[in-house]
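Single-structure report; data block below.
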Amino acid sequence: MLARHRKRRPRSRATFASVFGELLLTAGIIIGGFVGWQYYLSDAIMGAQQQDAASNFAASLGPLDRVAEVELRTDEPPAESKPDMHDNYAVMYIPRFGDFQRVIGEGAVPLVIDSLEQGLGHYESSALAGEQGNFAIAGHRNGLGGPFTELNRLQVGDRIYIQTDVAWYVYEYRNASYVEPTQISVVAPVPDLPDLPAEDRYITLTTCNPEWSAEGRLIAFGVLVGWLPLEDGMPSELAEHLEEIA
């Protein structure tokens with residue numbers, strides 16, 4: 001039987017266009033990875049700087065070494081003075097996120113970080129901390145420190161602590177909602193029910209969704225469960241948490 005001779009396929013020669021295309025593809029992957037790495041790295045660096053700034057601002061509001069030996073109060077909270085635009089106003093603590101402290105600055109529409117230390121912005125048209133109505137706060141999901149990157153990790157009952165120069169306010173997380181960017185009713189005095197007068201004290205945290213996109217919004221809602229005068233000291237549960245992670 002005669003052996004069959006296979007025809008050899010001609011070797012394809014690399015053309016300038018194919019080589020150039022591969023180089024562009026490789027460069028795109030490298031640049032894309034570098035840009036992504038820069039975003040994550042800058043978020044980590046800026047987040048750490050915001051954490052330090054919040055710690056310093058919290059200390060300037062009053063001594064942090066005093067722990068309250070009394071239960072949370074549920075009577076009428078004190079009146080807060082409205083801060084000037086872009087001024088530092090308060091500090092937020094969220095134990096669910098570990099060692100999480102961020103300065104709340106006045107002004108959030110659009111969210112403007114007037115200085116590095118202002119990681120969060122207060123919607124100036126919303127209630128102040130502890131006030132009847134909706135205390136609404138905006139924060140970036142990614143970029144500029146990404147303070148609300150993990151907002152979707154909140155669980156029912158998680159506490160959110162707010163420290164001002166007047167008092168400590170303790171809110172509890174209740175539920176979340178995913179909405180369009182145009183749904184501004186989430187920051188109404190009664191969240192999502194703009195025609196109703198407020199009879200309770202709410203907190204609303206807003207951020208972008210999904211991550212690295214402004215296509216939608218993730219909204220977290222909570223209610224005030226108590227407060228303490230600043231001079232009484234830090235709420236004991238928060239003090240215990242901070243001691244554990246120190």
Side-chain angles (χ1 to χ4, degrees), residues 50 54 77 80 82-83 85-97 100-114 118-164 169-227:
Q50 289 176 356
E80 292 274 343
K82 188 172 180 59
M85 186 62 68
H86 300 163
D87 276 358
N88 292 343
Y89 168 55
V91 177
M92 177 182 291
Y93 304 76
I94 304 181
R96 172 61 62 185
F97 302 158
F100 178 93
Q101 304 172 41
R102 291 294 187 278
V103 173
I104 301 173
E106 181 68 3
V109 186
L111 180 59
V112 176
I113 306 300
D114 190 59
Q118 292 180 345
L120 303 172
H122 170 244
Y123 287 84
E124 58 271 25
S125 60
S126 72
L128 295 173
E131 196 172 52
Q132 189 166 288
N134 190 7
F135 179 51
I137 305 297
H140 287 287
R141 189 82 180 271
N142 307 99
L144 294 176
F148 282 165
T149 299
E150 299 183 304
L151 195 62
N152 61 314
R153 291 185 54 236
L154 285 175
Q155 298 180 14
V156 176
D158 280 349
R159 292 196 161 183
I160 301 165
Y161 298 86
I162 305 295
Q163 176 194 11
T164 71
Y169 301 95
V170 183
Y171 293 86
E172 277 191 2
Y173 169 71
R174 289 292 183 261
N175 63 293
S177 179
Y178 294 89
V179 304
E180 297 293 325
T182 53
Q183 191 168 326
I184 60 174
S185 59
V186 295
V187 296
V190 179
D192 272 335
L193 297 170
D195 296 330
L196 290 184
E199 296 182 355
D200 210 336
R201 294 170 168 83
Y202 309 98
I203 190 169
T204 297
L205 312 180
T206 73
T207 194
C208 290
N209 188 74
E211 289 193 47
W212 303 105
S213 171
E215 182 179 344
R217 297 290 183 269
L218 167 59
I219 315 296
F221 302 102
V223 294
L224 185 74
V225 294
W227 68 278

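Position 1 is the first residue of the sequence, and the numbers go up from there. Just so we're clear, the structure is a prediction, and the values are computed from it rather than from any experiment.
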Atom of [X], atom of [Y] and distance for their closest heavy-atom approach:
{"X": "A214", "Y": "C208", "value": "CA-SG, 4.1 Å"}
{"X": "I104", "Y": "G121", "value": "CG2-C, 4.4 Å"}
{"X": "A54", "Y": "V91", "value": "O-CG2, 3.9 Å"}
{"X": "A198", "Y": "P189", "value": "CB-O, 3.8 Å"}
{"X": "G139", "Y": "L120", "value": "CA-CD2, 3.8 Å"}
{"X": "V190", "Y": "L196", "value": "CG2-O, 3.6 Å"}

- Task: Could you please spell out the steps behind the side-chain contact (heavy atoms from CB on, under 4.5 Å) verdict for V156 and N175?
- Result: CA-CA 7 Å; V156 176; N175 63 293; 6.0 Å; no

Atom pair [atom1] ([X]) and [atom2] ([Y]), whose distance is rounded to the nearest 0.5 Å:
{"X": "S177", "Y": "R217", "atom1": "OG", "atom2": "CZ", "answer": "13.0 Å"}
{"X": "Q163", "Y": "M92", "atom1": "CD", "atom2": "CE", "answer": "12.5 Å"}
{"X": "R201", "Y": "Q132", "atom1": "CZ", "atom2": "CD", "answer": "5.0 Å"}

Do [X] and [Y] have side chains that approach each other closer than 4.5 Å (heavy atoms only, starting at C-beta)?
{"X": "Q50", "Y": "V103", "result": "no"}
{"X": "L205", "Y": "Y171", "result": "no"}
{"X": "I137", "Y": "S126", "result": "no"}
{"X": "Y173", "Y": "L151", "result": "no"}
{"X": "V225", "Y": "R159", "result": "yes"}

- Item | Check against side-chain contact (heavy atoms from CB on, under 4.5 Å), F221 and N134 | CA-CA 10 Å; F221 302 102; N134 190 7; 5.7 Å; no

- Query: Checking N142 side chain against E211 main chain: does a donor-acceptor pair fall under 3.5 Å?
  - Reply: no

- Note on the structure: Only one of N209, T149, T207 passes side-chain hydrogen bond (donor to acceptor under 3.5 Å, both in side chains) with R141, and that residue is N209

- If we ignore angles and hydrogens, is there a donor and acceptor under 3.5 Å between the side chains of Y123 and T206? yes

- Message: Working note: L154 + F97, criterion side-chain contact (heavy atoms from CB on, under 4.5 Å); need CA distance, chi angles, decisive distance, verdict.
- Response: CA-CA 8 Å; L154 285 175; F97 302 158; 4.1 Å; yes

- With sequence neighbours excluded, what pairs up with T164 under the side-chain contact (heavy atoms from CB on, under 4.5 Å) test? E80, Y89, A90, A129, I162, V166, Y169

- Task: Sequence neighbours left out, what passes side-chain contact (heavy atoms from CB on, under 4.5 Å) with S185? Give chain and number order.
- Result: Q183, D192, P194

- Would you call the rings of H122 and F135 parallel, tilted or perpendicular if under 30° counts as parallel and over 60° as perpendicular?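 Taking F135 first and then H122, their aromatic rings sit tilted (interplane angle of 30° to 60°).
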
- Message: Could you go through K82 and E106, starting from their C-alpha distance and side-chain angles, then the distance that decides it, and tell me whether this counts as salt bridge (Lys or Arg N to Asp or Glu O under 4.0 Å)?
- Response: CA-CA 9 Å; K82 188 172 180 59; E106 181 68 3; 3.1 Å; yes

- Message: Under the criterion side-chain contact (heavy atoms from CB on, under 4.5 Å), I'd like the reasoning laid out for R102 against I94: C-alpha separation, chi angles, the key distance, then a yes or no.
- Response: CA-CA 9 Å; R102 291 294 187 278; I94 304 181; over 6 Å; no

